[in-house]
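Input: a single structure, listed below in structure tokens.
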There are 2 protein chains.
Amino acid sequence: MARTPNRTRQALLGFLSWGPQTGYGLRKVIDGSVSNFWTESYGRIYPMLKELEEEGLATSIERQTPGGRPTKTYSITDRGRSELAVWLADEPAPPARRNELLLKLFFAARAEGTDPSNMVEAFRAEKLAELERYAETRDELESAASPPPDMKYWMLTLRYGELEAEAHVRWADEVLKELGTS
Amino acid sequence: MARTPNRTRQALLGFLSWGPQTGYGLRKVIDGSVSNFWTESYGRIYPMLKELEEEGLATSIERQTPGGRPTKTYSITDRGRSELAVWLADEPAPPARRNELLLKLFFAARAEGTDPSNMVEAFRAEKLAELERYAETRDELESAASPPPDMKYWMLTLRYGELEAEAHVRWADEVLKELGTS
DNA sequence: CGTCGCATGTAAACAGTTACATGATTCG
DNA sequence: CGAATCATGTAACTGTTTACATGCGACG
């Protein structure tokens, strides 16, 4: 089983394919679009942009802005685009399987006096909040004036979140019922 | 947001709470029970067992077995048990959000000519295989002669896998339908 | 004047896998 | 005899977060 390899490269190339961006801007865009199934930190973004430039997958222009620090805006190159396309056509690596909630539940009988219900309750509440956020996102996307061609795919990723979160809520309901009656 | 901290400690303590084990044995047990939501590698197990012993959470006995290398069997101590109990009562850290399949789907429109259907098809097949494994596990557990007290909780973790995988299959069905008719 | 937002970047620490070294026994 | 299984352990590498350093402008 291949371990999850470095995908920050491809994630950044993907967002640069939308247009030139600064490191700071990329972080904003990531947080505002895919935060639900992807995250990146500055500690990865800035070094990776440097690497991308060294490898000819992106170029940068430094500008002295009237206010604040000089900004470095990165653009994807043709080679960057083709690297992105190669990655997109490739099978994704299986996700890491590490779920602490389930591990705790698995060992729940090993600690007398502790009731895992609170944990499951908190999990359920979080999933409901997630579903609310998804509903908002859905409304926003569906009411957009001119939907971009990517939108169809964005909706599919949103749908994933919805169906998964719904299943998680159903599971939590079952668990709480089961634990309550024992 | 707290990043996923080191939980190998607690996982090993959990399995040691079932009885004394070697590093090698722990790996086997983990693979045969929770592999579905937890994994550990030798590269973490052996150093961590050493650490647990140094901190007084486990003790070890080295034995010269008639055949093969000397084996080191670890046992959990009272302090180890109480550390386990503390962890069990604590809220779990939220899981890392990194899903490469969704990221690829999100950018699918950025590569002309590539069809993400194959990826989703492969995902679907894997989930169906997962469901089959779960069904087998369920049969085995339900036909056990004398179910241990932990069994109730094991079933809950199994149920999580079932409901999630079912939701994933439904999602894949929707996606394939959507992509096929466009 | 404080703090928020824009903006870049590094260093240290942590988490985790993979590959390797070592070696005996058992089973086909 | 070769492969699988039992068994321990390390080293190198990769991936990732967090905290910090730096600094300007705008807004209240």
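Computation of the quantities below employed the complete heavy-atom set of this structure, encompassing side-chain atoms and omitting hydrogens, waters and symmetry-equivalent molecules. Every value quoted in this text rests on a predicted model; they were computed, and no experiment measured them. Below, chain A is the first sequence line, B the second, and so on; all start at residue 1.
- Look at CG on Leu49(B): it is 13 Å from C1' on dA7(D), rounded to the nearest Å.
- Between the side chains of Arg44(A) and Thr8(A), a donor-acceptor pair is found at a separation under 3.5 Å.
- Under 4.0 angstrom from either OP1 or OP2 of dT18(D) there lies no side-chain N or O belonging to Ser41(A).
- With ring centers used as reference points, Phe107(B) lies under 6.0 Å from Phe15(A).
- When the P atom of dT17(D) is taken as reference, atom OH of Tyr46(A) falls 15 Å away, rounded to whole Å.
- With contacts defined as side-chain heavy-atom distances shorter than 4.5 Å, the pair Thr22(B)/Leu49(B) does not qualify.
- Within the 4.0 Å cut-off from OP1 or OP2 of dT5(D), not a single side-chain nitrogen or oxygen of Lys28(B) is found.
- Nucleotide dC6(D) holds its P atom 12 Å from the CD atom of Gln21(B), rounded to whole Å.
- Proximity note for Thr22(B) (side chain, C-beta onward) versus dT10(C), dT8(D), dA7(C): the nearest is dT8(D).
- Not one side-chain nitrogen or oxygen of Tyr24(A) sits closer than 4.0 Å to the OP1 or OP2 atom of dT8(C).
- Rounded to a whole Å, the CD atom of Glu53(A) is 14 Å from the C1' atom of dG9(C).
- The main-chain N or O of Glu162(A) is never found under 3.5 Å from a side-chain atom of Trp171(B) such that the two would form a donor-acceptor pair.
- Atom CZ in Arg97(A) sits roughly 14 Å away from atom C1' in dG16(C) (whole-Å rounding).
- One atom, CD1 of Ile45(A), and another, C1' of dT8(C), lie 12 Å apart when rounded to the nearest Å.
- Closest to the side chain of Arg44(A), from the set dT17(D), dA15(C), dT8(C), is dT17(D).
- For the pair Thr39(B) and dT17(C), the criterion of a side-chain N or O lying under 4.0 Å from OP1 or OP2 is met.
- For Arg27(A) and dG5(C), the CZ to P distance is 14 Å, given to the nearest whole Å.
- Within the nucleic acid shown, Gly23(B) comes within 4.0 Å of sugar-phosphate atoms alone, with no base atom in reach, counting heavy atoms only.
- The side chain of Lys50(A) contributes no N or O atom lying less than 4.0 Å from OP1 or OP2 of dT8(C).
- When the C1' atom of dG15(D) is taken as reference, atom CD of Glu51(A) falls 12 Å away, rounded to whole Å.
- Heavy atoms of Arg98(A) sit under 4.0 angstrom from primed sugar atoms or phosphate atoms, though from no base atom.
- Under the 4.5 Å side-chain criterion, counting only non-hydrogen atoms from C-beta, Ser60(A) is not in contact with Thr73(A).
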